[in-house]
Amino acid sequence: MSPLPRKMENRWANRAQPPPGHGIVSWHLLMRRYPQVCDAATEAQRALSSFPGLHMTPRQWLHITTLMAGPTEAITREQMSAMASAARARLREVPPIPVFIEKVIYHAEAISLGVQPAQALVPILEAVRSATRTVIGPAVASDRNPSTWIPHVTVAYSTTEQPAGPMISALGTGVPRREAMVDAVTLVVQWGPERRWDWEPVGTAYCAATPG
């Protein structure tokens, strides 16, 4: 486990962002399907609400980033549709996956809720990675190694430098346990700068025995 940060930093100080009209194609597990997880995130955000320099993730777009496929300039709409279809075919054999949220993860650029068991969601990652590589080839922008993937739901991004200690004291290192059965992954186009939250879902793949 990484040590707790001593100070927060500005996430976007030196991070390149797509300009308006350009975007990133990514697979996300959207938490709006799981109100209990969204409630945990909302409670964490409430505990942090008195601190300046935090950009809260909108409830609608709380998510677990699964795989970044690449820029919109390199991936056509037809390829996006093919990726979604390929992922649906692969997930037909994967049952919904039980996970729980309980641990708070602190990073210098963000505060998140950890998703456990850490490796439980790997079958979904492997399904979308295989689907993506089948359609657009091996040059995937972020080809995650399942053994190093740490699924998490970011509740707040840091926009300035300030001590982390008061935030850690306010929120703590854990939240009341919430459980969810993760059963779907969505292909999303993230248009423009990250914190605009101009997201366009373009296709969802469901696990076995999950209504579409």
message = Whether the side chain of H107 engages the backbone of E109 through a donor-acceptor N/O pair (distance < 3.5 Å, no angle test) should be reported.
response =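 It does hold such a pair.
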Under 4.0 Å between a Lys/Arg side-chain N and an Asp/Glu carboxylate O for [X] and [Y]?
{"X": "R77", "Y": "E200", "result": "yes"}
{"X": "R178", "Y": "D39", "result": "no"}
{"X": "E9", "Y": "K7", "result": "no"}

task = Check the pair V155 / T57 against side chain to side chain contact (heavy atoms under 4.5 Å, CB included), numbers first and verdict last.
result = CA-CA 5 Å; V155 298; T57 305; 5.6 Å; no
Contact check, side chains of [X] and [Y], non-hydrogen atoms, under 4.5 Å:
{"X": "I136", "Y": "I75", "value": "yes"}
{"X": "L67", "Y": "T132", "value": "yes"}
{"X": "M181", "Y": "I97", "value": "no"}
{"X": "P201", "Y": "V189", "value": "no"}

First locate atom [atom1] of [X], then atom [atom2] of [Y], and finally report the distance between them rounded to the nearest 0.5 Å.
{"X": "T186", "Y": "Y206", "atom1": "OG1", "atom2": "OH", "value": "6.5 Å"}
{"X": "M31", "Y": "C38", "atom1": "CE", "atom2": "SG", "value": "7.5 Å"}
{"X": "E179", "Y": "F100", "atom1": "CD", "atom2": "CZ", "value": "8.0 Å"}
{"X": "K103", "Y": "S112", "atom1": "NZ", "atom2": "OG", "value": "11.0 Å"}

ask   = Who passes ring pair (Phe, Tyr, Trp, His ring centres under 6.0 Å) against H28, sequence neighbours left out?
value =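 H28: ring pair (Phe, Tyr, Trp, His ring centres under 6.0 Å) contacts with H63, W199.
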query = Will you find, in the side chains of T159 and W12, an N or O donor that is under 3.5 Å from an N or O acceptor?
reply =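 Judged by distance alone, the side chains do not pair up.
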Partners meeting side chain to side chain donor-acceptor pair (under 3.5 Å) with T134 (sequence neighbours left out) =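 Side chain to side chain donor-acceptor pair (under 3.5 Å) list for T134, sorted by chain: R90.
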query = Taking it one step at a time, do F51 and M8 satisfy side chain to side chain contact (heavy atoms under 4.5 Å, CB included)?
reply = CA-CA 12 Å; F51 294 97; M8 306 299 290; over 6 Å; no
message = Parallel, tilted or perpendicular, judged at 30° and 60°: which one describes the rings of H55 and Y157?
response =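 Rings of H55 and Y157: tilted, as their planes differ by 30° to 60°.
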query = Pick one: which of L62, I105, L29, T65 meets side-chain contact (heavy atoms from CB on, under 4.5 Å) with V153?
reply =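 That would be L62; it is the only one of L62, I105, L29, T65 passing the side-chain contact (heavy atoms from CB on, under 4.5 Å) with V153.
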query = Who pairs with R92 by salt bridge (Lys or Arg N to Asp or Glu O under 4.0 Å), at least two apart in sequence or on another chain?
reply =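 R92 satisfies salt bridge (Lys or Arg N to Asp or Glu O under 4.0 Å) with no residue once adjacent residues are dropped.
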